[in-house]
Amino acid sequence: MKKFALVTGGTRGIGSSISQSLKQAGYRVVAIYHANQEAANTFQENTEIPTYKWDVSDFKACQAGVARVTKDLGPIDILVNNAGITRDGVMHKMEYAQWIDVLQTNLTSCFNMCRQVIESMRERGFGRIINISSINGQKGQFGQTNYSAAKAGIIGLTKALAQESATKGITVNAIAPGYINTKMVQTLPTDILTKIIAQIPVGRLGEPEEVARAVIFLASQDAGFITGTTITLNGGQYFT
Ligand code: CAA
């Protein structure tokens, strides 16, 4: 039986590329989305990858959603926690909602989803958990105290869960992409984006497929000795 992968935020941006690359690599895949029904419909039509809708920031929704996916398609072997949002703003102007929405969607979602799959992975003696962090969780970013905190938190969660899971055939790793050519980055004000690209030694934004290729590697049997690490993938913008 082919291994089964679930990708959160899997119908758009980096997540869409990850879902499609996993399918091309021979995995069975489901993509989870939350709000953008139209994008999810188009994605499902074009890729024939099944989609399920729930809010990954909601623990009970994750419980119900993973139960439904498992009943329909079987237990999850590979979990890619990719869903994420930005609500940029400087701390002295930031509303509580901007803080909590980003923390819940970007970080608490990783707990919510890992918690649903970890017991089954432990019982079955195999699992791959891949958490999408960010360059801005490593270096911090002006205007992103919320996002930087959430993405740094993902790296800590990854290291801790990797230790807890190592004896059970489960690897837990993070990927920290830099600025990738998706809507999230394209919608930044042009002057800010121009300044950011000038700070990338490779001289361009990354492509979603370049992140997906790292996911494929970490998901593979060959990557079984790699756990607790963060793959930095940012065109040389920041070295850890
Ligand atoms: N470093 C230092 N100072 C900065 C700065 C920076 N990076 N950016 C702006 N400033 C300064 C400005 O020069 C300005 O100074 P003055 O008042 O002396 O002129 C001051 O800070 C206020 O700047 P703004 O007028 O831009 O403030 P604002 O409140 O209108 O906007 C902001 C603030 C919303 C955070 C805006 O600067 C912004 O959008 N920044 C981009 C944040 C960013 O990079 N987000 C990444 C999104 S993509 C992503 O997150 C994906 C990923 O994983 C990489």
Side-chain angles (χ1 to χ4, degrees), residues 7-19 21 32-36 39 56-57 80-110 113 129-158 173-215 218 229-240:
V7 184
T8 69
T11 62
R12 293 196 292 133
I14 293 174
S16 163
S17 202
I18 292 171
S19 301
S21 297
I32 312 309
Y33 70 101
H34 177 216
N36 193 329
V56 291
S57 73
V80 184
N81 284 312
N82 164 76
I85 58 169
T86 52
R87 298 285 182 268
D88 293 354
V90 289
M91 171 74 91
H92 57 272
K93 294 184 199 163
M94 188 176 285
E95 303 285 344
Y96 178 72
Q98 283 172 278
W99 170 263
I100 202 68
D101 287 354
V102 169
L103 266 289
Q104 296 281 72
T105 302
N106 297 10
L107 177 59
T108 304
S109 62
C110 292
M113 288 301 296
I129 296 176
I130 300 157
N131 299 318
I132 306 300
S133 177
S134 164
I135 184 176
N136 293 343
Q138 297 174 306
K139 73 169 186 58
Q141 170 59 42
F142 186 103
Q144 284 197 315
T145 49
N146 50 3
Y147 187 88
S148 300
K151 293 295 188 178
I154 286 178
I155 294 172
L157 180 152
T158 298
N173 291 290
I175 296 174
Y179 284 76
I180 306 297
N181 193 13
T182 62
K183 211 167 238 172
M184 186 185 271
V185 168
Q186 287 156 5
T187 48
L188 282 171
T190 315
D191 54 330
I192 290 178
L193 188 53
T194 307
K195 278 189 204 149
I196 288 169
I197 294 173
Q199 292 163 10
I200 305 174
V202 168
R204 62 170 175 85
L205 296 174
E207 291 301 326
E209 296 73 26
E210 293 178 302
V211 181
R213 282 196 278 275
V215 172
L218 290 174
T229 199
T230 299
I231 295 187
T232 292
L233 203 156
N234 62 32
Q237 188 180 350
Y238 184 73
F239 301 126
T240 53

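Every value quoted in this text rests on a predicted model; they were computed, and no experiment measured them. What you see below is based on every heavy atom in this structure, not just the backbone, and it leaves out hydrogens, waters and symmetry mates. All residue numbers refer to positions in the sequence shown, counting from 1. In listed order, ligands and their atoms are each counted from 1.
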Passing option when N131 is tested against L107, V80, L157 for side chain to side chain contact (heavy atoms under 4.5 Å, CB included): L157
Tell me yes or no: between the side chains of Q138 and T232, is some donor less than 3.5 Å from an acceptor? yes
Between side-chain atoms of residues 84-97 and protein atoms elsewhere (two or more places apart, or another chain), which donor-acceptor pairs fall under 3.5 Å?
from, atom 1, to, atom 2, distance (Å)
D88, OD1, Q144, NE2, 3.0

Given I18, which partner from the list T8, I175, V215 fulfils the side chain to side chain contact (heavy atoms under 4.5 Å, CB included) test? V215
Would you mind listing every side-chain hydrogen bond (donor to acceptor under 3.5 Å, both in side chains) that reaches into residues 186-198, with sequence neighbours excluded? N181-Q186
By side chain to side chain donor-acceptor pair (under 3.5 Å), T229 pairs with (sequence neighbours left out) none
Give every pair formed by an N or O atom of ligand 1 and a protein N or O atom closer than 3.5 Å, one pair per line with both atom names and the distance to 0.1 Å, or write none.
from, atom 1, to, atom 2, distance (Å)
ligand 1, 29 (O), K93, NZ, 2.9
ligand 1, 44 (O), Q141, NE2, 3.4
ligand 1, 44 (O), Y179, OH, 3.1
ligand 1, 45 (N), D88, OD2, 2.8
ligand 1, 50 (O), Q144, NE2, 2.9
ligand 1, 53 (O), S134, OG, 2.7
ligand 1, 53 (O), Y147, OH, 2.6

